[in-house]
Amino acid sequence: MIFLHPLLLAGLSLAAIAPIVYFFVKRKKRHLRWAAFEILRRALQRRRKRVEKENLWQLVLRTLAIFLLALAISRPLIGPSASSEQLLVLIDGTYSMQALEDGVTRFEKAKKLAKARMEQAAAGSTFAVGRIDQQVELALNRMTGSVAEAVAAMEILKPTAVSVNLAGALPRLLPVIEELKPGKIAIVSDFNALGGQKELEQRLAALPPAVQVELIPVSTALATSNYSLTNLASDSGTVLMNRPVTFGVDVAYDGEAPIADFKLTLYFDDRPVDQLLLDLKPMQRTRAQFLLTFRDDRPHRVAVGGPSDALAVDNTAYAYVTPRPVLRIAALEGGKELAQASERELLFFESSFANLMQQQAVQIDRFGGASFPWGKLDEYAVVVLANYGEIGPAQGEALGHHVRRGGGLLFFPGDAVRKEDINAWAQRDPDLLPATIEGVEASEEGWGISVKTVGSPVLRFLKEDEAAGERIRFKRIAVLKPAEGASVLARLGGPGHPFGVSRGCGRGWTFFFGFTANRAWTEFPILPGYVAFSIRAVLEALGPPPKNDILPGETMVFALPPEMADQELALAAPQRAPVKVRAVFKDERTEVRYASTLEPGFYQLRRDETELTGQTVNIDGHDSELTPAAPSELAAVAQLSDRVSVAGEVGESRHAGLPISWPLVILAVLCVAGETWFSFKGRMR
Amino acid sequence: MSRHQAGSALCRYLDLEHVAALSAIGMKPRKVVEGCLSGNHRSPFHGFAVEFAGHRQYVPGDEIKHIDWKAYYKSNRYLLKQYSTETNFIAHLLIDVSESMTFEYRHGRKIDHAAFMAVALAFIVQEQSDMVSATLFSNRIVDHIRRSNTEEVVRRISAAIENAEPKDPTAFRTVLNQAAEQMGRRGIVMIFSDLFGDLDAFYDGLKRLLYSQHEVVVFHLMDPVEIEFDLTGEFVFDELEGRDKITIPAHRFHDAYREEVAEYLEGLKRETQKMGVEYVRVPLNENFGSTLARYLSERTRTGTR
């Protein structure tokens with residue numbers, strides 16, 4: 001448990017006031033010479049014990065009330081202690097700790113880190129120090145409050161140069177923990193482990209839960225360069241899923257003798273999935289490359305390990321890979337166009353679509369008739385209504401909600417769509433549909449697209465070949481009447497009816513086209529430009545939100561440095577920062593505050609405690625996570641992800657947590673109420 | 001005691017305004033009393049004085065002059081006329097001057113209240129040519145004023161109360177027995193006390209007085225605070241007839257004290273009623289004149305028993 005205002009804990013001493021007053025402060029007493037003394041004596045005998053008991057209760061309640069209030073004002077938080085600690089510092093003494101870096105062995109560096117760690121500890125902390133390799137050897141086998149004493153004891157420690165796995169010694173910590181009862185164990189090590197990190201983690205997990213373990217890495221020199229995968233994931237933006245990803249590990253061997261056929265193992269989610277045979281030579285770096293294919297969009301952990309402690313591979317530097325989520329498109333088909341299309345055609349379309357969506361994995365789910373599971377609407381980024389006319393009020397409302405939260409809607413009319421239904425829908429939700437249908441017109445010759453009228457990126461590819469627009473023939477079209485604020489994508493030749501109309505709604509876009517995939521209406525779907533058109537339409541439908549609004553219940557993800565906890569948070573100049581903070585905004589309000597600490601360095605903004613003022617913030621409806629920032633960027637305050645744009649200034653915000661611990665206050669109030677009840681009861685007699 | 005001192009004491013305790021009103025009501029004994037003079041009140045001795053009481057058969061030895069010849073002519077029997085004689089009564093005032101009677105909270109000392117009542121009653125009685133005696137007591141008889149029907153006796157009673165030094169505890173049994181011995185002729189015994197002491201002894205004393213055929217009236221003086229105990233805060237109660245102290249938050253003991261007082265008063269009322277003793281509660285917050293007027297009126301209304 002930590003206290004946000006530990007100094008206010010001094011207020012606990014105020015609780016002593018009640019007993020002091022009770023026992024030592026003489027209250028003003030009135031003297032009265034009393035005649036009916038015998039009666040009084042009998043009354044006293046009758047009631048004394050009860051009154052004494054009540055007095056005692058009153059005293060206890062008064063004391064408790066003050067105690068609880070003082071405790072509440074100190075704002076206790078359950079979590080890692082920021083105050084004094086009982087720290088057992090263990091330095092890794094295994095072989096790899098003798099490796100020289102910048103002319104200093106890792107063991108010496110570990111001592112410096114250990115010393116710095118102890119010096120950073122809060123006043124009142126106590127320390128014990130020792131070495132861990134295959135055994136645990138304490139240099140100071142008792143807890144001392146003196147950092148100097150602990151450092152002096154630590155200085156005599158030497159590495160044992162045993163090439164063993166550090167994890168194996170962890171069970172031997174148990175008797176030490178039993179004896180010293182430390183609150184926290186800090187292990188300073190290069191964490192070169194045999195067989196990956198799994199064993200180390202398992203052994204750490206087996207330690208008593210009351211003891212916190214802090215791992216202090218000595219050398220992180222290779223940590224950032226080991227994994228090219230990290231770069232692939234964060235920098236290139238390449239979709240990793242279903243694609244083989246090559247990434248490399250630089251292995252530096254510090255051993256004395258060369259090793260042939262050294263087995264370097266690749267661990268995927270702690271399972272060994274691949275092995276490389278390397279020839280290692282002393283003091284040389286060897287690059288190992290692995291191929292890995294991610295089959296799903298969950299985060300994964302990738303690590304490498306080998307059977308030697310002399311490898312300069314920092315296995316703590318996991319690669320957390322978070323491929324972008326799959327773009328899921330729901331195609332609701334009212335007619336039979338797609339059902340009648342050959343598998344080959346569909347495969348061609350979908351694979352072309354997927355290949356052209358270079359930076360995004362795509363999954364298209366087709367639903368015929370009324371088979372669409374409306375409850376799963378949120379799983380789809382874009383909904384395509386292809387000649388789909390079964391839009392009742394409930395479906396219309398769901399689609400409206402979907403678009404307002406940032407989803408895309410592509411609407412193609414057709415024979416199965418009745419204009420009355422669509423116009424009624426547009427009337428019910430005038431912000432959603434960008435047009436109404438005035439009627440259907442047909443022409444044997446058909447109409448092409450007037451390239452000159454193209455104003456939307458959806459059809460911009462036509463501008464490369466102006467004749468292409470005319471080659472596309474639309475034999476039947478739904479005559480659209482654009483709604484207020486809607487944009488016409490392009491116009492058809494001849495009567496000049498709109499080819500399509502778009503408009504933003506909430507934070508999403510709706511596209512209403514005048515044609516459909518039915519070949520009786522147009523051959524456009526079988527022309528090469530159709531894939532480009534489709535991709536553009538989907539991308540535009542998922543484009544930047546048309547309005548800088550925060551919608552109720554939306555999620556905002558941004559980053560905060562850990563030292564911002566408990567401090568007022570100004571979001572006026574968002575910058576990149578390393579810690580992710582998730583905020584769910586309920587409404588536009590006056591300020592931002594963030595609340596409970598979930599774990600070190602991760603804070604969650606609660607919707608009902610989160611307020612914004614005077615600014616408009618665009619927030620991704622989905623969880624967007626930031627990549628870690630460089631250390632030089634740590635001073636920055638907050639960063640909204642690249643999918644979150646900020647318009648205007650974000651108001652000031654303040655942290656943190658509840659102003660005081662309400663349960664404690666409630667208890668204190670109950671104590672006061674109890675005390676008052678006793679007093680009142682006494683006076684009413 | 002000089003006559004002047006006695007006179008100033010009388011001035012202090014005799015409230016003429018009230019007494020004048022009370023005199024109009026007067027005081028009569030409920031029971032028959034023994035007197036030495038012809039007076040207003042019935043005597044137990046039947047004779048040949050004023051009031052015809054009845055006839056009885058002549059027996060040899062009776063004086064012939066008392067034969068009712070008119071009755072003889074009517075009944076042809078020798079009947080003797082009998083009369084009730086009227087006589088004066090003696091009011092014995094027993095005034096508690098123990099230390100507890102000095103209790104004072106908001107309505108003055110109990111002993112002063114008792115003095116006002118006793119002097120007023122003495123005055124009324126002597127005005128009726130009845131006789132008054134007074135005995136001041138604590139754990140012994142402190143002073144005794146012999147019976148008299150002169151105004152002087154009122155003055156002497158006043159002076160005696162004023163000069164009394166209430167410092168001893170109460171010992172009812174001894175005192176009431178001694179007083180009963182001293183009284184002789186039966187009359188009305190009026191006890192003025194707060195009755196804080198050994199109640200069993202008090203009941204014994206009453207029995208002794210009743211044995212002497214006295215009519216006994218107990219005036220029980222209590223301050224309202226002694227009944228209600230409506231005190232709030234920390235109090236140190238010093239015992240009046242002892243050296244004990246009790247320090248308590250008074251408000252925490254309200255109910256316990258009131259229960260005890262109720263038991264005590266209930267017991268007193270029950271026991272006195274059982275013995276045929278008249279019990280009059282005298283609250284100190286009420287003017288003694290009102291208390292007496294109410295008592296005397298009630299007494300007149302209910303008349304002789």
Using non-hydrogen atoms and a 4.5 Å limit, figure out which bit of [X] sits close to chain A: side chain, backbone, both or neither.
{"X": "F196(B)", "answer": "side chain"}
{"X": "F235(B)", "answer": "both"}
{"X": "L195(B)", "answer": "neither"}

Testing H92(B), Q178(B), H144(B) for side-chain hydrogen bond (donor to acceptor under 3.5 Å, both in side chains) with T135(B), which one passes?
H144(B)
Can you say whether R46(A) sits under 4.5 Å from chain B via the side chain, the backbone, both, or neither, judging by heavy atoms?
side chain
Can you see whether [X] engages [Y] through a side-chain donor-acceptor pair at a distance of less than 3.5 angstrom?
{"X": "S100(B)", "Y": "D194(B)", "answer": "yes"}
{"X": "E149(A)", "Y": "T144(A)", "answer": "yes"}
{"X": "R252(B)", "Y": "N55(A)", "answer": "yes"}

Most contacts with chain A, counted as non-hydrogen pairs under 4.5 angstrom, among D223(B), L240(B), I248(B), I246(B)
L240(B)
Between K110(B) and E104(B), does any NZ, NE, NH1 or NH2 come within less than 4.0 Å of an OD or OE carboxylate oxygen?
no
Checked R41(A), E38(A), R33(A), K29(A) vs chain B; the most non-hydrogen pairs under 4.5 Å come from R33(A)
